[in-house]
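Have a look at the structure that comes next, please.
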Number of protein chains: 2
Amino acid sequence: MERRTRQRSALEELLGRNTGFRSAQQLHTMLRDEGEPVSLATVYRLLQSMAGDGEVDVLRSQESENRYRRCHRQEHHHHLVCRHCGHTVEVAETTVERWAARTARQHGFAAVTHTLELLGTCTACYTTPATATRSGNE
Amino acid sequence: MERRTRQRSALEELLGRNTGFRSAQQLHTMLRDEGEPVSLATVYRLLQSMAGDGEVDVLRSQESENRYRRCHRQEHHHHLVCRHCGHTVEVAETTVERWAARTARQHGFAAVTHTLELLGTCTACYTTPATATRSGNE
DNA sequence: TTCCCTGCAAAGCTTTTGCAGTGGG
DNA sequence: CCCACTGCAAAAGCTTTGCAGGGAA
């Protein structure tokens with residue numbers, strides 16, 4: 001199965017310390033800065049593999065890049081993401097699910113899935129605007 | 001302001017005849033096939049301009065490409081898209097909006113926006129599987 | 001006559017892939 | 001001892017951009 005390599009361990013460890021969504025390139029740079037260099041291609045391969053196993057959540061950002069984040073719950077859920085610092089709250093709710101199912105039925109659609117992301121400004125960022133562009137954890 | 005060129009007219013006319021989301025490349029091909037060739041770069045520039053004016057809706061597809069569709073209502077709304085034929089239903093509802101606002105408040109987030117897309121199989125496509133891969137209108 | 005718009009080709013971005021070498025089990 | 005995994009570099013999409021010519025107003 002999956003081999004426990006230095007690269008995979010380093011990436012998992014890094015993801016474990018972050019609560020926000022990061023791009024593959026950001027993760028690649030962070031690893032390099034921490035003295036645990038991993039080639040960009042490998043970062044992509046690892047993230048792809050992890051996403052397949054449900055280890056990370058993938059977010060299609062407004063820009064044309066994907067962002068990844070350690071997945072903390074297996075059940076279906078959504079994300080409330082801070083647009084400034086990337087801090088994320090996982091939201092498990094059935095309101096939207098029920099609405100989606102009802103709407104689909106009304107229009108005769110079957111096998112309906114949905115994607116939903118909430119983007120806003122978290123308390124920390126609108127309380128202390130100066131730190132709004134920080135790129136660290138949380 | 002905006003000049004009424006052959007290219008812009010052709011694209012608007014084409015979008016007006018379609019109810020589904022199409023990629024820039026698809027639109028480019030369709031125009032070419034109709035004998036109204038428009039360069040791909042221009043298709044992109046026109047779509048970008050139209051999206052800015054709210055003339056078209058932009059959908060970030062699962063693949064790494066954007067898809068465009070003529071926008072029929074100005075108010076905030078969501079889309080129920082058929083994954084086979086691209087047929088789209090615009091859904092204006094407040095259930096999700098109210099839920100999003102409530103959730104954001106609970107977690108101390110401000111200025112929250114959301115993206116929501118419903119993807120399924122429309123009646124026509126699961127009734128007649130043979131036509132499930134058609135690429136035409138509707 | 002302007003100067004906005006277009007076409008072409010080249011470049012930019014993120015992401016994927018081919019290939020040969022290496023380290024995990 | 002294998003062969004999955006890695007790094008490198010090239011390639012593959014989609015999209016944007018520089019530039020010079022052409023057409024709308």
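All heavy atoms count here, side chains included; hydrogens, waters and symmetry mates do not. Since the structure is predicted, the reported quantities are computational estimates derived from the model, not experimental observations.
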Original post:
Could you give the CD-to-P distance, from B/Glu12 to C/dC5, as a whole number of Å?
Top reply: 13 Å
Original post:
Between A/Glu65 and A/Arg22, is a salt bridge (charged side-chain N to carboxylate O under 4.0 Å, His left out) present by the stated rule, with each step listed?
Top reply: CA-CA 10 Å; A/Glu65 65 176 20; A/Arg22 302 279 179 265; over 6 Å; no
Subject >> With A/Arg69 via salt bridge (Lys or Arg N to Asp or Glu O under 4.0 Å) - residues at least two apart >> reply: A/Glu90
Original post:
Please give, in whole Å, the distance from C/dT14 P to A/Arg22 CZ?
Top reply: 16 Å
**OP:** Tell me, please, which residues at least two apart from B/His114 pass ring pair (Phe, Tyr, Trp, His ring centres under 6.0 Å).
**Re:** B/His76, B/His78
Original post:
D/dG7 C1' sits how many Å from A/Arg32 CZ, rounded?
Top reply: 11 Å
Subject >> Spacing between A/Arg8 atom CZ and D/dG7 atom P, to the nearest angstrom >> reply: 13 Å
Original post:
Is the CZ atom of B/Arg32 crowded by more than 12 outside heavy atoms at less than 6.0 Å?
Top reply: no
Original post:
Atom NE2 of A/His28 to atom C1' of D/dT6: distance rounded to whole Å?
Top reply: 12 Å
Validation: residues 100-110 of chain A side-chain donor-acceptor distances under 3.5 Å, sequence neighbours left out:
from: A/Thr103; atom 1: OG1; to: A/Trp99; atom 2: O; distance (Å): 2.9
from: A/Thr103; atom 1: OG1; to: A/Trp99; atom 2: NE1; distance (Å): 3.3

Subject >> Rounded distance (nearest 0.5 Å) linking atom OG of B/Ser23 with atom CE of B/Met30 >> reply: 9.5 Å
Original post:
Within less than 4.0 Å of OP1 or OP2 of C/dT16, is there a side-chain N or O belonging to A/Gln48?
Top reply: yes
Original post:
If the sugar-phosphate is the primed atoms plus P, OP1 and OP2 and the base is the rest, what is the B/S/- string for nucleotides 20-25 of chain C, using protein heavy atoms under 4.0 Å?
Top reply: ---BBS
**OP:** Kindly state which residues belonging to residues 37-47 of chain A come within less than 4.0 angstrom of DNA chain C, counting heavy atoms of the residue only, listed by number.
**Re:** A/Leu40, A/Ala41, A/Tyr44, A/Arg45
**OP:** Could you tell me whether a side-chain N or O of A/Thr42 sits under 3.5 Å from a main-chain N or O of A/Val38, the two making a donor and an acceptor?
**Re:** no
Subject >> B/Asn66 side chain near D/dC14 phosphate (N/O to OP1/OP2, under 4.0 Å) >> reply: no
Original post:
Rounded to the Å, how far apart are A/Glu65 CD and C/dT15 C1'?
Top reply: 11 Å
Original post:
OP1, OP2 of C/dG7 versus side-chain N and O of B/Gln7: anything below 4.0 Å?
Top reply: yes
**OP:** State plainly whether the residues A/Glu55 and A/Arg70 are in salt-bridge range, i.e. N to O under 4.0 Å.
**Re:** no
**OP:** Give the intermediate values and the outcome of side chain to side chain contact (heavy atoms under 4.5 Å, CB included) for residues B/Leu31 and B/Leu11.
**Re:** CA-CA 7 Å; B/Leu31 287 169; B/Leu11 180 55; 4.2 Å; yes
Original post:
Taking atom types as modelled, is there a side-chain donor on B/Ser49 or B/Arg8 under 3.5 Å from an acceptor on the other?
Top reply: yes
**OP:** Decide side chain to side chain contact (heavy atoms under 4.5 Å, CB included) for B/Leu80 and A/Val112; before the verdict, give the C-alpha distance in whole Å, the side-chain angles of both, and the deciding distance to 0.1 Å.
**Re:** CA-CA 9 Å; B/Leu80 175 54; A/Val112 169; 4.3 Å; yes
Original post:
Using a cut-off of 4.0 Å on non-hydrogen atoms, how would the nucleic acid contact of B/Gln25 be classed: base, sugar-phosphate, or nothing?
Top reply: base
Subject >> Terminal axis angle for the helix from C/dT1-D/dA25 to C/dG25-D/dC1, five pairs an end, nearest 10 degrees >> reply: 30°
